[in-house]
2 protein chains.
Amino acid sequence: MKKSLADRIEQYIKVLIDRSEEKQIEIQRAELAETFSCVPSQVTYVISTRFQEKYGYYTESRRGGKGFVRITRFTISSDICTIMDGDKLFDFINELMEKKMLDSESGNMLKHIVLSASSDLADEHRKHLYNSVARGLSEYLNLN
Amino acid sequence: MKKSLADRIEQYIKVLIDRSEEKQIEIQRAELAETFSCVPSQVTYVISTRFQEKYGYYTESRRGGKGFVRITRFTISSDICTIMDGDKLFDFINELMEKKMLDSESGNMLKHIVLSASSDLADEHRKHLYNSVARGLSEYLNLN
DNA sequence: CCCTATTTGACTTTATTTGACTTTCTTCGT
DNA sequence: ACGAAGAAAGTCAAATAAAGTCAAATAGGG
């Protein structure tokens, strides 16, 4: 996949968070923009589209001199009460891989198996399977 | 019977998937349309008629700058031939782990999820699940 | 000839990039 | 201590890039 500028900035930030001890980083918006030779508001765009709470991040910032943007990653858990469809389950798995809570080998295998196993199921059973897998995975990883 | 444009595009995509390591490709709709000198919506037509889930393909896409269409092929489980029960499936997974064809991380996770997911299924559905998982796993590991 | 699959293109929706303008802090000089 | 200047971040809307939708037109097989 050809990466857009926004994608590259997103990755860069995620790597920084991975490497941080506290799963939290502080950046200067202008500095990061400089690194990627883009306008500062591009960074704002990336943060506001990719680092939302629903993806397991929350952000704080301060303007003016010595300003910063702080991004903190927290552990999400699948909300089993939500109706899971295939896409949601896959998003969940992708997110876990991204956060290194699930290695990509295991994650990809799981996606293939779920796809394969759900292919000949009626809709209700398929949904049931998605939910069960989400639940089983959460249990296995000790989320919740 | 002369091959239609749609047929040729379909073939082309399938060859790309065959050649890919992950049985998954990402294309740019407009680029592919360019290759075949046709309108972009022709590509959409091909994808929506030939790469449906019921044929064993899963698609995702993103619009806007650096957009893409991702197509993943998975194996559709056909009717169950082998009678698989839980113990056999677990033996199978253990064997794969012993032979280092499946790392223990993935194997253990899979066992956990299958157990969890099968716990509230009626007998017939449970057996079906075991079989599907065995098949999906075989496929993923390129056994057969 | 009729029916279905294909082809085409106008229009819609979504995502990204950019830049001008606004708001909020900090610092520095009086 | 206070106000002005400067430093950073935020907001918003326009411009551009791609993919999706839908329906009319056409082609081909039976």
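Just so we're on the same page: letters track the sequence lines, and every chain starts at 1.
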(request) Working to the nearest 0.5 Å, report the span between CG of B:L110 and OG of A:S106. (result) 9.0 Å

(message) Need two values: the first and the last nucleotide of DNA chain C, 5' to 3', having an atom under 4.0 Å from any heavy-atom of chain A.
(response) C:dA15 to C:dT27

(request) Output every pair passing salt bridge (charged side-chain N to carboxylate O under 4.0 Å, His left out) with a member in residues 10-23 of chain B, not counting sequence neighbours, ordered by first then second residue. (result) B:E10-B:K14, B:E10-B:R50, B:D18-B:R73

(request) Produce a footprint string for nucleotides 23-30 of chain D: one letter per nucleotide, 5' end first; B if the base is under 4.0 Å from any protein heavy atom, S if only the sugar-phosphate is, - if neither. (result) --------

(request) Could you run through nucleotides 3-11 of chain D and give me one letter per nucleotide, 5' to 3': B if any protein heavy atom sits under 4.0 Å from the base, S if only the sugar-phosphate is that close, - if neither? (result) ----BBBBB

(message) Taking the six-membered ring of A:F36 as reference, does the cationic atom of A:K3 (NZ for Lys, CZ for Arg) lie under 6.0 Å from its centre and within 45° of its axis?
(response) no

(request) Mind running side chain to side chain donor-acceptor pair (under 3.5 Å) on B:E139 and A:H112 for me, showing each step along the way? (result) CA-CA 9 Å; B:E139 256 305 309; A:H112 270 261; over 6 Å; no

(request) Report the residues that fulfil side-chain hydrogen bond (donor to acceptor under 3.5 Å, both in side chains) with B:E31, sequence neighbours left out, ordered by chain and then residue number. (result) none

(request) For the pair A:D7 and B:R62, find out whether any cationic side-chain nitrogen is under 4.0 Å from an anionic carboxylate oxygen. (result) yes

(message) Any base atoms under 4.0 Å from B:R50, or only sugar-phosphate, or nothing? Heavy atoms, all strands.
(response) sugar-phosphate

(request) First locate atom CD of B:Q28, then atom CZ of B:F68, and finally report the distance between them rounded to the nearest 0.5 Å. (result) 9.5 Å

(request) Using the closest heavy atom to pick a nucleotide of DNA chain C for each, name whichever of B:D7 or A:S4 lands nearer the 5' end. (result) B:D7

(message) Using 0.5 Å steps for rounding, measure from the CD1 atom of A:I27 to the CD1 atom of A:I17.
(response) 8.5 Å

(message) Output the rounded distance in Å from CD (B:E34) to P (D:dA18).
(response) 12 Å

(request) Only pairs at least two apart or in different chains count here, so list each side-chain hydrogen bond (donor to acceptor under 3.5 Å, both in side chains) that has a residue in residues 32-47 of chain A. (result) A:R29-A:T44

(message) Less than 6.0 angstrom separating the ring centers of B:F74 and B:Y57, yes or no?
(response) no

